[in-house]
Each structure stands twice: as structure tokens, then as C-alpha cells.
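Below is one structure, written out as C-alpha cells; comments come after it.
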Amino acid sequence: DIQMTQSPPVLSASVGDRVTLSCKASQNINKNLDWYQQKHGEAPKLLIYYTNNLQTGIPSRFSGSGSGTDYTLTISSLQPEDVATYYCYQYNSGWTFGGGTKLELK
Amino acid sequence: EVKLLESGGGLVQPGGSMRLSCAASGFTFTDFYMYWIRQPAGKAPEWLGFIRNKANGYTTEYNPSVKGRFTISRDNTQNMLYLQMNTLRAEDTATYYCARPLMYTTLAYWGQGTLVTVSS
């Protein structure tokens, strides 16, 4: 089974900061990776699909990149409404979520 | 507008059974795979399985952690998705979501979830 490791588990940042969240797969997942945002008490929400494709309606400050085993979600200028937990999800071999990164305001 | 609405959750005793439902609307149901995902409180989501679309024969795939205990089915005349859960354990306690992909894999639309609590 493919394991997905997200880092850091918790990230504190200030409004306006550039924020980078990481997701590492235990083997090559060929860019078959999505990013989801989950706010407290809500269902996960799709942000980025197939590594770097922005879902309709998602602000352009969100972007994704990566290849092989290493993937990144970047928020170019953190906004208060971005406080949430972010999950990566691979579907190259089986289907696996990462453990999440909780993003907080400093 | 795509809408997914889960129902059927609640309290069940260990060893018991429960069937969750997901009412789908706003799209051609038979065109899409449909997924079940669960999330224990404070933990990451876990993919449970999916049922394929009409073009792929409505076949199913399951997470090994639930294979043999959980069954996914669909009623295409009613636009309903189901999750039959048997021999429930305390570790099955979670919020259960149904989801529709963009095409086959990316989980673009989610329901609001239904809470299942397995406890005596």
C-alpha cells in the first residue's frame, strides 16, 4: 500500500504569508494526487486535482506542484478564511489520504 | 447543482449492522462512479470503496480494511447510493460521506456526512 506523509502536521502563519504544505508518497504516484481543504465541521472540499489543476471556483492563490513522490500545495498570500486542515490524496495505486496539515493563524 | 445527502447514521451496538443511504441529484447518476469515505473524529479521511458507472458495469472496489464486512450498492432508478455495514466494531465509529468524482477518481462533490457511533 502507498503511504502518504504530510508535513508539517501543524503550521502557524500570518495573514499575507506565502505558505507551503508538503505531501510525500512512499512510492512514485505519477502526479495522481489531489488536495482537499476541510474546515471545522464541514466536509472536505476539492482544491487541486492531478497535482496542479485548480478546481472551479477556488481562488488563484492556491496552487499545486510536484512529481514522483514529492508534492506541494502553496498558498501565495494566506487569508483568514484559509484556516483549515489540508489533506493530500493519491489514486495512482489504491486510494490513500495523507494525515493532514492543520493550518493556523499566528 | 450537484447535491448529495447522506442518511441512516446513528448509534449501533458492536456486532450490529447498519445501512447508510446517499440521495444524489443534479447530474446523470448512471454516468458516474460513486464513493464512500469515512472520517473518525479528529483523524484523516479513509477511502472505503466505490461502485463504478453504467459503462463499467457497476462493479465495486473496497478498502481491504472493510472488504467482506461492507457492501456498496446503488439504485439507479432512485438515484440512491448505499453502504451496508455488517459486524460493526468500535473502530468503525466515524462520519461517513458519499462523494462523486469529477470523472473516475478526484472527489469533486461531497455530502454533509452522517455520523455512525458503534458502542454498547
Side-chain angles (χ1 to χ4, degrees), chain A residues 1-10 21-25 29-58 62 64 71 73 84-104, chain B residues 1-7 9 20 22-24 26-27 32-52 59-67 70 72 81 94-116:
Chain A
D1 293 358
I2 296 180
Q3 307 302 316
M4 305 299 292
T5 302
Q6 291 187 243
S7 60
V10 180
L21 285 65
S22 295
C23 179
K24 186 174 183 67
I29 56 171
N30 298 302
K31 296 189 174 184
N32 290 308
L33 178 122
D34 302 334
W35 288 95
Y36 296 83
Q37 176 193 65
Q38 187 175 32
K39 297 183 178 180
H40 184 71
E42 298 182 3
K45 177 182 178 181
L46 175 65
L47 298 177
I48 302 283
Y49 61 95
Y50 194 61
T51 293
N52 57 9
N53 294 273
L54 193 67
Q55 170 66 341
T56 302
I58 301 302
F62 291 92
Y71 297 83
L73 174 69
T85 300
Y86 293 81
Y87 295 100
C88 60
Y89 169 69
Q90 73 82 22
Y91 44 88
N92 184 73
S93 177
W95 298 264
T96 319
F97 286 90
T101 291
K102 184 177 183 181
L103 181 56
E104 302 174 335
Chain B
E1 180 189 5
V2 173
K3 290 186 177 180
L4 300 169
L5 183 63
E6 302 93 340
S7 61
L20 305 182
C22 170
F27 61 99
F32 290 90
Y33 289 31
M34 293 296 297
Y35 284 69
W36 284 101
I37 301 101
R38 70 181 177 186
Q39 186 174 28
K43 296 187 177 181
E46 177 186 27
W47 170 84
L48 294 179
F50 62 82
I51 186 165
R52 293 180 174 88
T59 53
T60 53
E61 299 288 343
Y62 295 96
N63 188 318
S65 69
V66 302
K67 191 173 183 179
F70 289 12
I72 298 172
L81 176 72
T95 296
Y96 285 71
Y97 297 99
C98 63
R100 197 213 88 175
L102 279 180
M103 286 296 294
Y104 301 114
T105 51
T106 291
L107 304 171
Y109 302 95
W110 296 62
Q112 88 291 345
T114 187
L115 178 62
V116 173

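Just so it is clear, the model here is predicted, and its values are computed rather than measured. Reminder, nothing fancy here: chain letters follow the sequence lines and each chain counts from 1.
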Could you check whether any side-chain heavy atom of Tyr104(B) comes within less than 4.5 Å of a side-chain heavy atom of Tyr91(A), counting everything from C-beta outward? no
Quick one: does Thr106(B)'s side chain get under 4.5 Å of Leu46(A)'s, heavy atoms only? yes
Looking only at non-hydrogen atoms, find the nearest pair between [X] and [Y] and report the distance.
X: Tyr97(B); Y: Gln38(A); answer: OH-NE2, 3.6 Å
X: Gly98(A); Y: Ala44(B); answer: O-CB, 3.3 Å
X: Pro44(A); Y: Pro45(B); answer: CG-CG, 4.4 Å

When rounded to the nearest 0.5 angstrom, what distance separates [atom1] in [X] from [atom2] in [Y]?
X: Ile37(B); Y: Tyr89(A); atom1: CD1; atom2: OH; result: 6.5 Å
X: Asn53(A); Y: Leu102(B); atom1: CG; atom2: CG; result: 9.5 Å
X: Gln39(B); Y: Phe97(A); atom1: CD; atom2: CZ; result: 8.5 Å
X: Asp1(A); Y: Asn63(B); atom1: CG; atom2: CG; result: 8.0 Å

Can Thr105(B) and Tyr49(A) be said to form a side-chain contact (heavy atoms from CB on, under 4.5 Å), step by step? CA-CA 10 Å; Thr105(B) 51; Tyr49(A) 61 95; over 6 Å; no
Below 4.5 Å from any heavy atom of chain B, which atoms of Gln6(A) appear? Answer side chain, backbone, both or neither. neither
Checking heavy atoms, do the side chain of Phe50(B), its backbone, both or neither come under 4.5 Å from chain A? side chain
Which portion of Glu46(B) sits near chain A, non-hydrogen atoms under 4.5 angstrom: backbone
Parallel, tilted or perpendicular for Trp110(B) and Tyr36(A), by the 30°/60° rule? perpendicular
